[in-house]
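Below: the structure, in C-alpha cells.
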2 protein chains.
Amino acid sequence: MNIGSAAKLSGLTVKSVRYYADIDLVKPVINEKNGYRDYNNDDVAKLGFIGQARKFNFSIRECRDLLSLYEDKNRSNKEVKKLTIEKINEIDQKLKELTLLRKKLSHLADNCKGNGRPDCPILDELSKLQKKS
Amino acid sequence: MNIGSAAKLSGLTVKSVRYYADIDLVKPVINEKNGYRDYNNDDVAKLGFIGQARKFNFSIRECRDLLSLYEDKNRSNKEVKKLTIEKINEIDQKLKELTLLRKKLSHLADNCKGNGRPDCPILDELSKLQKKS
DNA sequence: ATAATCGTTCCTGTAAGGGGAAGGTAAAGT
DNA sequence: ACTTTACCTTCCCCTTACAGGAACGATTAT
C-alpha cells in the first residue's frame, strides 16, 4: 500500500512515516515504476508500535531498541522491562523537578499582590544573583 | 567588561551571553578598537535576571517580556503575576500528563515478569493499534 | 482532457544554545 | 622584545522529531 494508507492505518502522519523511512526505522520497499514507498501489513504494525511507544514518551532511539526487541521472537522480557523501568525513573525525576519548580513559582506568586502597583516581589526575586542553585 | 567576565558574574556561559546579544535580548556596546562586546553592570544584572527566569522555566520569549517589565519602573505587578500564574498552570498541565504517563507505564511494567522469558506483555500492549488515545 | 488528489525530493524552521574551526587581540611570562 | 597562553571574534554544523511548503511527477476521478 502507499504511504497515505500506511499512515492512516497506523495512526501517524505521512510526514512521520516518511521520516521514519529516512532514518531507517521502518523501511518500505520502493516501487520501481513510480518511486512510491510500498508498505505491507508488517510495516504498518511496526509503525503503529512506534506510534504507541512515542505516546509513552519513548524517544526515537528507544523506539529503535524496542522495535528490535519486538522483532526478535527470542528476546527476553527482562530487557524490555528494564527499558520501561528506566523510562519511569526518568519521569519520576522530571516530576520531582517540576514539583520543586512549581513550589518556587507559587511562592513567588503568593508574595505578589498583583494589585497594579509598581512594586513586584517576583521581579525583585528574579533580579537577585543567586550563588547557589 | 568583556564577555567572559560578564558571563562569570551573571552565572551564564559565554555561549549563552553571546546568543542573547545575537537575538537582541541583552545588547552590549561594541568596542570599536577590537570589536569586543563591552558589558556594564546593568547588562550583567539583566543577564543574571534572565538566568534566574530561565531556571524558572520561562522561555526566551517570556524572558523578553519579563525583562521589559523589569526595566519599566512604572510597570504593574499585575502583569508579572499573570505571567507567573500562567507558567504555574503550564507546569500543572505537564505534571498531569506525566503522572498519567507514569501510571500507564508502571501498569505495563507491573504486568511483565521480567524473568528472561520471551513473552512480554509490554511489547504486546505497545503492538496494539489503539483507536482512542 | 482536465482537475483533484496523491506521491516524490528538497529546503527551511523550530528552542536554546553546544562544539569546534579559523583567525585576530590582549595579557602575562621569560 | 618575543613567545606562549588566554580570550575574543565570526561562521558553520549539530541536536529532537518532525511540520510547512515549494516544485514537480504520478494516479485517479470527472
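Order of the sequence lines sets the chain letters (A, B, ...), proteins ahead of strands, with each chain counted from 1.
- One interatomic measurement links the two molecules: CD1 of Ile3(A) to C1' of dC6(C), which rounds to 11 Å at whole-angstrom precision.
- For the atom pair CZ (Arg61(A)) and CG (Leu25(A)), the distance works out to 10.5 Å, reported to the nearest 0.5 Å.
- Taking for each of Val17(B) and Asn31(B) the nucleotide of DNA chain C with the nearest heavy atom, the 5'-most of the two is the partner of Val17(B).
- Backbone-only engagement by Arg37(B) is indicated by non-hydrogen atom pairs under 4.0 Å involving sugar-phosphate atoms exclusively.
- Cluster annotation: Leu47(B) is not connected to Ile30(B) through the hydrophobic network of ILVMFWY side chains, with a link wherever side-chain heavy atoms come within less than 4.5 Å.
- dA15(C) atom P lies 13 Å from atom CD of Glu90(B), rounded to whole Å.
- Atom CG of Asp38(B) is separated from atom P of dA26(C) by 13 Å (rounded to the nearest Å).
- The distance from atom OH of Tyr19(A) to atom C1' of dT16(D) is 7 Å, rounded to the nearest whole Å.
- Checking the phosphate oxygens (OP1, OP2) of dA17(D), no side-chain nitrogen or oxygen of Ser16(A) falls inside 4.0 Å.
- For the OP1/OP2 pair of dT8(C) and a distance below 4.0 Å, the side-chain nitrogens and oxygens of Asn34(A) include no atom meeting the criterion.
- Note: CZ (Arg54(B)) to P (dG18(C)) measures 10 Å, nearest angstrom.
- In summary, the side chains of Asp38(A) and Asn2(A) do not present any donor paired with an acceptor at a separation below 3.5 Å, with no hydrogens or angles considered.
- Following rounding to the nearest Å, Ile23(A) (CD1) and dC14(D) (P) show an atom-to-atom distance of 16 Å.
- Atom C1' of nucleotide dC11(D) and atom CZ of Arg18(B) are separated by 11 Å, given to the nearest angstrom.
- Atom NZ of Lys33(B) is separated from atom C1' of dT25(C) by 14 Å (rounded to the nearest Å).
- Residue whose closest nucleotide on DNA chain D sits further toward the 5' end, between Asn2(B) and Lys15(B): Asn2(B).
- A residue-by-residue look at Thr13(A) and Tyr36(A) shows that Thr13(A) has its nearest nucleotide of DNA chain D further toward the 5' end.
- By the 4.0 Å N-to-carboxylate-O rule, Lys82(B) lies close enough to Glu86(B) to be salt-bridged with it.
- Taking hydrophobic clusters as Ile, Leu, Val, Met, Phe, Trp and Tyr residues chained together by side-chain heavy-atom distances below 4.5 Å, Val14(A) shares a cluster with Val44(A).
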